[in-house]
Amino acid sequence: MRDFTYICPESIDEVCQLLSEQENAFIIAGGQSLLPLLRLRAADLSCLIDINGLKNANYITFEDQKVKVGPTARHAEVANSETVQNHCLVLSQVASHIGDVQVRNRGTICGSVANADPAGDPPILCALLDTEIQANSIRGETTYSGSDFFHGFYATDLEEDEFVTEVRFPEISPPTGVGYEKWEPSEGAYPVATVGALITLEAGSISEAKIVTGAIEPGPTFAEEAIDILVGQKPTTELITQAAISVGENSDPIDDAEGSILFKQELMKTLSKRAITTAVTSAQGGA
Amino acid sequence: MSNTNQEPQSELVVNVTVNGSETREIIPARTLLSEYVRDHLYLTGTHRGCETAKCGACTVLLDGKAVKSCNVLAVQANGKNVTTVEGLDDNGTLSPVQQSFWDNHGMQCGYCTPGFVITSTALLNENPNPTVDEIRFGLAGNICRCTGYTKIIESVQDAAQRINKGA
Ligand SMILES: Cc1cc2nc3c(=O)[nH]c(=O)nc-3n(C[C@H](O)[C@H](O)[C@H](O)COP(=O)(O)OP(=O)(O)OC[C@H]3O[C@@H](n4cnc5c(N)ncnc54)[C@H](O)[C@@H]3O)c2cc1C
């Protein structure tokens with residue numbers, strides 16, 4: 001690893017100040033994505049700002065119908081949080097399957113969101129749930145909306161002098177339900193294909209549907225055709241199957257060592273059917 | 001040590017409690033926790049394997065939580081407690097997890113063993129009665145390249161029994 005300077009400030013204001021003053025400064029949160037990158041000398045970094053010393057940053061609360069996740073809340077804490085389990089169960093389920101236990105003991109939701117790894121789980125969930133992403137800089141506080149925050153490989157709307165200080169997930173309860181599925185080549189590895197589905201029912205029909213795919217493309221992607229198939233219809237097995245096939249066939253996966261285009265499209269069909277089915281069941285009030 | 005209201009530094013003083021003893025070193029900021037315990041404290045039980053945060057051979061406890069020490073900076077352990085495999089025994093008496101790995105031969109070449117023993121210790125602290133599936137899931141971050149998993153899982157089951165019997 002190349003040499004760099006390090007500082008561990010205690011307040012958000014100090015972090016903002018440092019981000020505006022220091023050249024090539026990076027935030028380090030859990031370090032689970034950043035340190036492997038530094039080891040490859042793949043980042044041009046001269047100063048590391050460690051946010052783990054921030055006061056009152058390690059929180060998970062429920063306020064204003066939203067689950068608020070602070071900048072140093074670890075995946076393991078989010079996974080085990082009763083607050084999260086009670087108000088946004090899917091977030092707890094997703095967090096409990098990020099990497100392995102060692103990764104979850106360090107990695108943060110806010111860090112994953114800022115990092116925008118194409119295979120990362122939190123960005124997909126943020127796009128699906130239209131999560132609020134709060135960022136701070138010396139210019140003040142901004143709130144981004146999760147559904148249009150991500151722009152492909154490690155690209156987001158975050159400005160260079162901004163950092164993520166909170167992510168807010170909406171409460172999910174019937175008649176809205178969410179399903180989330182991913183396929184990993186081995187337990188703990190980054191997923192190869194991921195899909196999230198959100199369904200709202202009204203008088204037995206689907207009034208709102210969202211489907212977001214991830215890992216196969218450079219960033220979270222809405223499956224518009226499948227969404228059109230679902231909205232306004234009754235959630236029958238045939239309809240769900242038709243929508244799931246559409247997700248796979250209209251997806252545009254990257255062909256790489258993890259799988260061919262055809263393989264990933266087939267995976268997408270299977271995963272989508274499971275995710276939409278789970279979303280419908282939980283929208284109906286089922287488990 | 002607090003760095004508040006200071007300039008970013010390329011060398012820092014760190015105070016880390018390792019296996020119950022206070023350590024204090026001046027280190028470059030880029031020093032990994034794995035380098036700190038091995039090259040600064042000569043605790044070479046922590047093995048460096050893949051160096052890419054995948055294999056888990058370098059797992060240590062940081063304030064009681066299993067972490068891959070190749071993926072944490074030593075400065076991030078400042079003011080915290082670190083337990084390496086050398087810190088598990090009680091004055092020469094092996095811990096239940098260590099003894100179970102010994103008795104069940106929960107290893108083949110042994111290179112990954114310190115990491116497995118540490119992760120298993122943390123697993124049993126949080127869940128003293130894990131099912132086989134929970135053990136497998138809990139050990140997903142540790143790789144045994146000899147693929148000696150069966151004996152490793154038996155060792156953890158045996159350790160759980162010893163702990164629950166208070167042995
Ligand atoms: C073996 C392994 C398996 C993994 N598997 C998965 C998986 O299955 N799914 C998954 O989603 N992730 C996976 N991860 C990644 C993990 O979730 C990371 O925790 C996450 O991507 C980054 O969070 P972090 O807190 O560790 O960020 P860091 O590594 O500290 O930072 C990552 C990047 O984000 C920036 N950053 C961090 N925090 C902030 C902030 N608050 N504001 C602005 N910028 C910030 C940093 O400057 C850096 O560029 C895996 C990692 C490993 C090592």
Side-chain angles (χ1 to χ4, degrees), chain A residues 1-11 13-15 17-18 21-26 28-41 45-55 72 74 76-77 80 96-107 184 186-190, chain B residues 1-12 14 27-35 50-56 58-80 115 118-120 122-123 126-127 133-134 136-143:
Chain A
M1 234 192 281
R2 290 207 179 91
D3 264 325
F4 50 76
T5 59
Y6 171 93
I7 188 155
C8 188
E10 290 181 358
S11 72
D13 286 350
E14 285 169 88
V15 176
Q17 199 65 41
L18 285 158
E21 285 167 1
Q22 298 290 325
E23 262 177 60
N24 298 332
F26 277 63
I28 185 166
Q32 298 305 291
S33 297
L34 183 60
L35 287 173
L37 205 68
L38 292 185
R39 210 125 19 128
L40 293 169
R41 301 195 170 190
L45 169 144
S46 33
C47 172
L48 209 52
I49 306 167
D50 189 345
I51 60 170
N52 288 285
L54 288 182
K55 298 265 184 266
T72 59
R74 318 274 172 201
E77 292 164 344
N80 296 329
S96 67
H97 282 87
I98 292 177
D100 50 55
V101 63
Q102 293 98 316
V103 170
R104 293 192 290 276
N105 280 339
R106 292 297 293 169
E184 310 157 287
S186 65
E187 182 61 56
Y190 276 99
Chain B
M1 179 196 62
S2 162
N3 294 299
T4 318
N5 298 327
Q6 287 179 2
E7 288 294 302
Q9 314 275 318
S10 55
E11 288 214 331
L12 297 105
V14 291
I27 55 166
R30 63 175 187 183
T31 309
L32 297 169
L33 184 56
S34 54
E35 287 176 75
C50 71
E51 299 278 15
T52 56
K54 295 201 172 71
C55 81
C58 66
T59 303
V60 300
L61 301 182
L62 180 62
D63 279 349
K65 301 278 182 202
V67 301
K68 293 171 184 168
S69 63
C70 78
N71 221 22
V72 177
L73 292 171
V75 284
Q76 297 187 297
N78 190 25
K80 298 193 189 305
I118 289 279
T119 309
S120 303
L123 172 77
E126 284 178 24
N127 178 3
D133 280 351
E134 285 168 345
R136 286 170 182 266
F137 184 67
L139 294 179
N142 291 73
I143 293 172

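Order of the sequence lines fixes the chain letters, A, B, ..., with proteins taken first and strands second; residue numbering starts at 1 for each chain.
If you measure heavy-atom distances from Leu48(A) to chain B, the contacts under 4.5 Å come from the side chain alone. Contact annotation for Leu32(B): only side-chain heavy atoms (C-beta onward) come within less than 4.5 Å of a heavy atom of chain A. Neither the backbone nor the side chain of Leu139(B) comes within less than 4.5 Å of any heavy atom in chain A. Proximity to chain A is absent for every atom of Thr31(B), based on heavy atoms less than 4.5 angstrom apart. Heavy atoms of Thr52(B) lying under 4.5 Å from chain A belong exclusively to its backbone. Of the two parts of Asp50(A), only the side chain, counted from C-beta on, holds a non-hydrogen atom closer than 4.5 Å to a non-hydrogen atom of chain B. There is no contact between Ile49(A) and chain B, counting heavy-atom distances below 4.5 Å. Only the side chain of Gln22(A) comes within less than 4.5 Å of a heavy atom of chain B; its backbone N, CA, C and O stay farther away. For Arg2(A), the part lying under 4.5 angstrom from a heavy atom of chain B is the backbone only.
To the nearest 0.5 Å, the span separating OH on Tyr6(A) from OG on Ser10(B) amounts to 13.5 Å. Between Lys68(B) atom NZ and Asp100(A) atom CG the span is 3.5 Å, to the nearest 0.5 Å. Taken to the nearest 0.5 Å, the CG atom of Asn52(A) stands 12.0 Å off from the CG atom of Asn78(B).
Judged by distance alone, the side chain of Gln32(A) and the main-chain N or O of Asn71(B) form a donor-acceptor pair under 3.5 Å. Side chain of Asn105(A) to backbone of Val67(B): no donor-acceptor contact under 3.5 angstrom is found.
Listed options Arg136(B), Glu11(B), Lys54(B), Lys65(B) were ranked by heavy-atom pairs under 4.5 angstrom with chain A; first place goes to Lys65(B). Counting heavy-atom pairs closer than 4.5 Å to chain B, the top-ranked of the candidates Arg106(A), Glu21(A), Met1(A), Gln102(A) is Gln102(A). Heavy-atom pairs under 4.5 Å with chain B were tallied for Ser46(A), Gly31(A), Gly188(A), Cys47(A); the largest tally goes to Gly31(A).
The shortest non-hydrogen separation linking Val101(A) to Gly138(B) is CG1-O, 3.5 Å.
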Begin from the C-alpha positions of Gln76(B) and Ile28(A) and carry the test side-chain contact (heavy atoms from CB on, under 4.5 Å) through to its verdict.
-> CA-CA 10 Å; Gln76(B) 297 187 297; Ile28(A) 185 166; 3.9 Å; yes
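Looking only at side-chain heavy atoms (C-beta outward), Val75(B) and Cys8(A) stay at 4.5 Å or farther from each other.
Between Arg39(A) and Glu51(B), at least one side-chain N (NZ, or NE/NH1/NH2) sits under 4.0 Å from a carboxylate O, which counts as a salt bridge.
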